[in-house]
Amino acid sequence: MPELPEVETVRRGLIPALEGAAFQQVVVRRADLRRPFPENMANRLVGKRVERLGRRAKYLLIYMSDDLVLVIHLGMSGHMTVYETKNAPPPGKHDHVDFITDGGHTIRFTDPRRFGSMDIADASSLESHPLFANLGPEPLSNAFNGPALAAALKGKKGPIKTALLDQTVVAGLGNIYVCEALFRSGLSPIRKAGTIKGAVADRLAGDIVAVLQDAIASGGSSIRDHLKIDGTLGYFQHSFAVYDREGQPCPGGECDLSACGGIKRIVQSGRSTFYCPTKQR
DNA sequence: ACGAGAACCTGTTTGC
DNA sequence: TGCAAACAGGTTCTCG
């Protein structure tokens with residue numbers, strides 16, 4: 001899925017087709033993904049004009065007229081495709097929703113695993129909405145830094161890997177970018193979360209921000225390429241230092257593969273963790 | 001209160 | 001080659 005950088009990339013990719021446009025028709029082919037859609041979702045959206053696109057954690061926010069926000073989570077396998085309506089192909093098995101605009105675009109939401117969700121909320125009280133009330137700081141905002149991270153981790157006895165996946169600690173990280181950020185910081189994923197403080201917390205917070213910004217930068221470029229081809233938004237290829245690279249040497253070159261065995265895969269709280277046992281302590 | 005595990009779904013990859 | 005198990009980028013509920 002879409003972790004924070006992918007959602008941000010989708011947001012930016014949707015701006016040209018959505019900002020300023022109104023929903024002319026909304027076709028819902030399946031009204032329940034992870035949870036049921038709001039009552040009459042399609043009818044409530046038709047006629048609304050999109051004012052701007054936002055994002056909070058991994059949630060895409062479509063701010064509309066009448067103080068309403070369409071809140072979309074892409075789950076594990078969700079993605080968006082932008083078509084010119086006249087060229088939109090027949091919907092496939094997992095194409096659950098089409099948003100058809102008065103600007104001649106169709107934005108199609110596809111989600112094979114159906115872990116995604118949609119909701120309609122009031123813009124003025126968004127932060128108190130149940131989905132957002134307990135979220136931690138936005139990592140790319142001023143509210144996120146070493147001291148804030150250390151405070152959120154204080155007293156936590158579980159591993160730092162698991163703590164960073166907790167959206168109440170910091171909002172928007174997923175399995176890939178947690179692994180990548182810990183590698184950059186040279187911190188073992190097994191290390192007790194509560195031991196991260198001071199300069200170490202400063203470093204980790206900085207590396208979390210850097211990893212996300214790099215991913216957004218590379219996603220932004222691949223999005224432009226994608227749009228030329230078929231308009232698909234949601235996933236993009238880029239290279240990771242450790243994620244899904246079990247047994248391979250980690251970047252940097254100073255690890256001796258025969259001595260350290262390369263990148264290791266372990267399972268923590270049921271999720272794969274990839275790391276370099278030599279560099280990450 | 002906290003943390004680990006299961007559950008929610010379907011598609012793809014891996015291993016015998 | 002074929003089939004079953006394992007696994008996939010998330011969230012949320014239950015249980016100890």
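In this structure, the CZ atom of A:Phe115 is 11 Å from the C1' atom of C:dT12, given to the nearest Å. Look at CG on A:Leu173: it is 10 Å from P on C:dT11, rounded to the nearest Å. Taking atom CZ on A:Arg35 and atom P on C:dT11, their separation rounds to 11 Å, with Å as the unit. For the pair A:Phe132 CZ and C:dT11 P, the interatomic distance rounds to 11 Å; values are reported in whole Å. A:Leu131 places its CG atom 16 Å from the P atom of C:dG10, with the value rounded to the nearest Å. Going from atom CZ of A:Arg265 over to atom C1' of C:dA8 covers 11 Å, rounded to whole Å. Going from atom CD1 of A:Ile266 over to atom P of C:dC7 covers 14 Å, rounded to whole Å. Rounded to an integer number of Å, the gap from CG of A:Asn134 to C1' of C:dC13 is 15 Å.
If you check every strand for non-hydrogen atoms under 4.0 Å, A:Leu135 touches nothing. Counting non-hydrogen atoms under 4.0 angstrom, A:Pro159 reaches the backbone sugars and phosphates but no base. If you check every strand for non-hydrogen atoms under 4.0 Å, A:Arg114 touches sugar and phosphate atoms only. Contacts of A:Arg30 with the nucleic acid, taken as non-hydrogen atoms under 4.0 Å apart, are absent. Residue A:Ser117 is out of contact with every strand shown, counting any heavy-atom pair closer than 4.0 Å. Residue A:Gln268 is classed as having no contact, given no heavy-atom separation below 4.0 Å to the nucleic acid.
A 4.0 Å heavy-atom criterion places the boundary nucleotides of DNA chain B facing chain A at B:dG3 to B:dG11, written 5' to 3'.
Within 6.0 Å of atom NZ in A:Lys48, more than 12 heavy atoms from other residues, nucleotides or ligands are found, so the atom counts as buried in its surroundings. Within 6.0 Å of CD on A:Glu39 lie no more than 12 heavy atoms contributed by other residues, nucleotides or ligands. Open room surrounds CG on A:Asn142; 12 or fewer heavy atoms of other groups in view lie less than 6.0 Å from it.
A distance of about 16 Å separates the C1' atoms of C:dA6 and B:dA6, rounded to the whole Å. With both ends at atom P, the span from B:dA1 to C:dT11 equals 22 Å, rounded to whole Å. When the P atom is compared between C:dT14 and B:dC9, the two are found 16 Å apart, to the nearest whole Å. Nucleotides C:dC3 and B:dC8, compared at atom P, are 27 Å apart to the nearest Å.
For the pair A:Asp32 and A:Arg30, the salt-bridge criterion is met [side-chain N within less than 4.0 Å of a carboxylate O]. We find that A:Arg35 and A:Asp119 are not joined by a salt bridge, their nearest charged nitrogen and carboxylate oxygen being 4.0 Å or further apart. Under 4.0 Å is where a charged nitrogen must lie from a carboxylate oxygen, and between A:Glu8 and A:Arg12 at least one such pair does.
In summary, the side chains of A:Thr106 and A:Asp98 do not present any donor paired with an acceptor at a separation below 3.5 Å, with no hydrogens or angles considered. Side-chain contact check for A:Thr168 and A:Asp166: at least one donor-acceptor pair (N or O, by modelled atom type) lies under 3.5 Å.
Side-chain contact between A:Leu173 and A:Leu212: present, with at least one pair of heavy atoms (C-beta onward) separated by less than 4.5 Å.
Aromatic pair A:Phe274/A:Phe240: ring centres not closer than 6.0 Å.
Distance from the side chain of A:His73 is smallest for C:dG10 among the nucleotides C:dC7, C:dT12, C:dG10. Closest approach to the A:Arg113 side chain among C:dA8, C:dT12, C:dG10 is made by C:dA8 (side chain taken as heavy atoms from C-beta onward).
Note that CZ of A:Arg44 is 10.0 Å distant from CE of A:Met41, once rounded to the nearest 0.5 Å.
DNA chain B is contacted by both A:Lys93 and A:Arg34; A:Arg34 maps to the nucleotide lying nearer its 5′ end (nearest heavy atom per residue).
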query = In dot-bracket, 5' to 3', how would DNA chain C read with Watson-Crick or G-U wobble pairs under 3.5 Å, [ ] for crossing ones and | for pairs to another strand?
reply = .|||||||.|||||||

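Contact annotation: A:Ser272 reaches the phosphate of C:dA8 (side-chain N/O to OP1 or OP2, under 4.0 Å).
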